[in-house]
Structures are given as C-alpha cells and as structure tokens.
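Below: the structure, in structure tokens.
Here is how names work: the chains are called A, B, and so on, in the same order as the sequence lines, proteins then strands, and each is numbered from 1.
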Amino acid sequence: MSEQILTEVFEVEAGDFVAAGAASAQIKRILKQLSVNSDLIRRAAIISYEAELNLVIHSLGGKLILRVMKDRVVISTEDVGPGIADISLALKEGWSTASDDIRSMGFGAGMGLPNIKRNADDFEIRSAAGSGTTIVTTIYL
Amino acid sequence: MRVSDIMEALDGKVCFGEDKLNEVCLTACGCDLMSDALAFSKARMCLLTGLTNTQVVRTAEMLDVVAIVFVRGKQPSAEILALAEETGIAILRTDHTLYEACGILYSCGLPGRIKV
Ligand SMILES: Nc1ncnc2c1ncn2[C@@H]1O[C@H](COP(=O)(O)OP(=O)(O)OP(=O)(O)O)[C@@H](O)[C@H]1O
Ligand SMILES: [Mg+2]
C-alpha cells in the first residue's frame with residue numbers, strides 16, 4: 001500500500017448549480033499547493049469537475065473525494081442514487097439523459113464520462129438502477 | 001497571441017483583467033457547449049462563447065483558460081466578473097458573432113489545436 005498524504009471529502013448537493021465546481025476548484029488548489037505537475041493538475045481538475053457536475057445534474061446527492069498518495073492522485077465519487085441502468089450506454093460519447101434546461105446551461109452533451117475515462121490512468125465505475133453510482137479514477141504521479 | 005492582440009483584432013473591450021493583457025494564448029476554442037470545451041481543451045487557451053453563466057468561468061478555471069471572450073455584445077454579469085477576479089481569468093467582450101470572432105482570430109494565426 002502506498003503512503004497516504006491527504007484525504008478530503010466534499011459533500012455535493014443535487015441541483016445546486018451555483019455551488020457546482022466549487023469542490024473541484026478546491027481540489028485544484030490543494031494539488032497546486034502540493035506542487036503536483038501542472039498537466040496532471042489539469043487532468044485531475046477535468047475529471048473532478050465532470051464528476052462533480054454529474055453529481056449535481058444526475059444524482060440525488062453525494063460525495064466527491066480526493067485522496068493523494070505518494071505515487072498517485074485518486075478522485076472518486078459516491079452518490080445515493082438513482083443509479084445507471086446501462087453503464088456501457090452511459091459511457092458512450094453523445095449519450096445523455098440531461099434535460100433541455102441543463103443543455104441551455106452548456107452541459108448535457110454526453111461527453112463527461114468518456115472525458116473522465118480519457119483523462120484518468122485507471123477508471124472504475126459501479127452502478128445499478130435503484131442504487132448509487134461509484135466512480136474511482138486514478139492518476140499516477 | 002497576446003490578450004491585448006485578441007482584444008484589438010475583435011474590436012473588443014476588457015471587462016476584467018487589465019493586468020492580464022500581456023498574457024499569451026496559444027490556442028482558442030469557440031463554443032456554447034461547455035461539455036465540448038472540457039473535452040477538446042488545450043493549455044493556454046482563449047475561450048470564445050455566447051453563453052453567459054458562472055459555469056463558463058468555472059469551466060475556464062478548470063482548464064487554465066487565459067481569457068474568455070463573450071461574443072454578440074453579451075454583457076457579463078456581476079457574478080461572472082466576481083468569479084473571474086477570484087480565479088484570475090481575463091474577461092473580454094466583442095460585438096462580433098461567435099463565427100466571426102473565431103474566423104478573425106483564426107486568420108490572425110491563432111490555431112484551434114496545437115500539435116505538441
Ligand atoms: N452520478 C450519476 N448518477 C446517475 N446517472 C448518471 C450519473 N453520472 C452519469 N449518469 C448518466 O450517464 C449519462 C452520461 O453521463 P456523461 O457525464 O457522459 O454525460 P452528461 O452528463 O449527460 O453530459 P456532459 O457530461 O457532456 O455535460 C448521463 O446523461 C446520465 O444519464
Ligand atoms: Mg456529465
């Protein structure tokens with residue numbers, strides 16, 4: 001097991017568009033303070049922001065968690081539902097259940113999960129309709 | 001291209017960030033879809049958009065965007081300017097449409113995708 005340097009947990013509320021991104025901004029600041037390489041910070045920020053937006057837009061609320069270890073940054077989310085019925089469909093570029101309201105705000109193109117996957121070295125997603133969704137992403141330093 | 005060159009080329013105005021006019025943009029992205037900006041972003045980018053909500057600035061913050069240009073004469077709100085100040089991103093506005101503004105910057109030599 002790799003040595004743990006830091007763990008931060010951020011509560012993310014469903015539908016709170018005013019606060020959306022605040023936790024990711026905080027995560028970005030923390031990684032900067034730890035002098036993580038700026039390209040890796042950018043990748044981590046994209047992952048974190050896409051995941052945070054998904055909690056705000058699609059979930060009933062959840063947590064965004066940052067863990068920094070000696071050799072890696074792990075960003076994960078856990079939410080309380082409603083879950084994803086078909087994960088392979090959700091991972092397809094362009095597939096989205098977002099409302100027109102969300103689209104008019106500039107989101108809901110079905111690009112988030114593929115973008116998270118692209119920016120992570122490791123990506124895991126667990127979900128089922130009726131239960132919560134868990135995403136774990138790792139960037140190696 | 002410097003932020004000041006972008007402002008001049010677009011007959012634009014600075015809404016925030018007089019002190020950032022000397023910063024350099026290496027590439028630009030024009031869209032009203034933040035999902036696209038997030039998926040296709042590059043470092044040291046100028047983001048042109050007709051969308052005016054605070055999530056534009058949040059998105060730009062995540063991507064280390066140097067300057068945001070609001071097109072079609074859109075006026076950024078006080079909330080947008082406050083978040084720009086907090087995040088240190090220059091805010092410009094221009095009367096050109098998104099299509100025109102992108103065309104002008106492209107013809108000035110600012111590329112869409114930089115090959116590294
Ligand atoms: N935490 C979540 N809980 C429930 N459903 C989710 C969650 N995250 C994603 N989804 C489902 O997966 C779909 C695809 O997500 P993805 O992030 O790729 O696109 P999007 O959020 O719809 O649009 P974009 O990310 O481009 O703004 C969503 O439309 C939604 O149906
Ligand atoms: Mg999404």
Side-chain angles (χ1 to χ4, degrees), chain A residues 12 15-29 31-32 36-54 56-58 64 75 91-98 100-119, chain B residues 23-27 29-66 68-72 74 76-89 91 98 102 113-116:
Chain A
V12 180
D16 188 354
F17 260 103
V18 179
S24 298
Q26 191 80 24
I27 286 178
K28 201 175 171 204
R29 239 166 271 143
L31 295 178
K32 224 178 240 172
V36 173
N37 163 293
S38 66
D39 282 338
L40 297 188
I41 293 182
R42 215 159 140 274
R43 280 169 55 201
I46 291 171
I47 289 170
S48 166
Y49 186 55
E50 293 275 21
E52 185 179 357
L53 283 168
N54 279 356
V56 171
I57 295 171
H58 305 294
L64 177 65
I75 294 170
L91 287 171
K92 261 203 186 134
E93 226 162 78
W95 195 84
S96 173
T97 58
D100 287 345
D101 260 8
I102 298 297
R103 297 231 164 90
S104 72
M105 297 181 73
F107 300 100
M111 309 281 273
L113 289 175
N115 201 20
I116 291 173
K117 205 173 164 185
R118 193 163 42 236
N119 281 288
Chain B
E23 290 196 20
V24 175
C25 296
L26 297 178
T27 175
C29 167
C31 60
D32 285 351
L33 206 51
M34 294 303 108
S35 301
D36 274 352
L38 282 159
F40 301 110
S41 76
K42 295 277 186 291
R44 297 209 73 78
M45 191 165 84
C46 171
L47 174 64
L48 299 101
T49 184
L51 193 69
T52 46
N53 61 45
T54 51
Q55 287 308 319
V56 172
V57 188
R58 274 296 181 215
T59 303
E61 178 188 12
M62 294 305 139
L63 299 175
D64 295 330
V65 161
V66 176
I68 300 170
V69 180
F70 290 109
V71 299
R72 271 181 279 134
K74 300 251 171 128
S77 66
E79 285 87 358
I80 286 180
L81 295 177
L83 195 56
E85 197 170 345
E86 190 188 314
T87 54
I89 299 169
I91 305 281
L98 184 57
C102 291
R113 293 183 187 201
I114 29 173
K115 307 250 181 336
V116 189

Q) Would one find more than 12 heavy atoms of other residues, nucleotides or ligands at under 6.0 Å from atom NZ of B/K74? A)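 Yes, because the 6.0 Å sphere around NZ of B/K74 holds more than 12 heavy atoms from other groups.
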
**Q.** Minimal non-hydrogen separation, A/A109 against B/L33, with atom names
**A.**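 Residues A/A109 and B/L33, closest heavy atoms: CB-CD2, 3.8 Å.
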
Q) Between A/A25 and B/E61, what is the shortest heavy-atom contact and its length? A)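 Smallest interatomic distance, heavy atoms only, reads CB-OE2, 3.5 Å.
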
Tell me, side chain or backbone of [X] under 4.5 Å from chain B's heavy atoms, or both, or neither?
{"X": "A/M105", "value": "both"}
{"X": "A/E50", "value": "side chain"}
{"X": "A/A22", "value": "both"}
{"X": "A/R118", "value": "side chain"}
{"X": "A/S48", "value": "neither"}

(Q) Given heavy-atom pairs under 4.5 angstrom as the criterion, report whether the side chain, backbone, both or neither of B/T49 touches chain A. (A)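 Neither part; nothing is under 4.5 Å.
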
**Q.** Donor + acceptor pair across side chains of A/R42, B/S41 (<3.5 Å)
**A.**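 Yes, because at least one side-chain N or O of A/R42 sits under 3.5 Å from a partner of the opposite role on B/S41.
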
Q. OG1/B/T59 to CZ/A/F107 distance, rounded to the nearest 0.5 angstrom?
A.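 If I round to the nearest 0.5 Å, the distance is 4.0 Å.
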
Q: Calculate, to the nearest 0.5 Å, the distance between atoms CE and CD1 belonging to B/M62 and A/I27 respectively.
A: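 Spacing of CE (B/M62) from CD1 (A/I27) equals 8.5 Å.
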
Q: Give a yes or no on whether the backbone of A/G106 and the side-chain of B/D32 come within a donor-acceptor separation of less than 3.5 Å.
A: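 No: the side chain of B/D32 does not pair with the backbone of A/G106.
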
Q) Looking at B/T54, B/T87, B/L63, which has the largest count of heavy-atom pairs under 4.5 Å with chain A? A)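 Result: the option with the highest number of such pairs is B/L63.
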
Q: With side chain to side chain contact (heavy atoms under 4.5 Å, CB included) as the test, would you mind laying out the steps for B/F40 and A/M111 before giving the verdict?
A: CA-CA 10 Å; B/F40 301 110; A/M111 309 281 273; 3.8 Å; yes

Q) Does a side-chain N-to-carboxylate-O contact under 4.0 Å join B/D64 and A/K28? A)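 The answer is yes: the pair qualifies as a salt bridge.
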
Q | Step-by-step side chain to side chain contact (heavy atoms under 4.5 Å, CB included) determination, A/Y49 to B/M34 | A | CA-CA 11 Å; A/Y49 186 55; B/M34 294 303 108; 6.0 Å; no

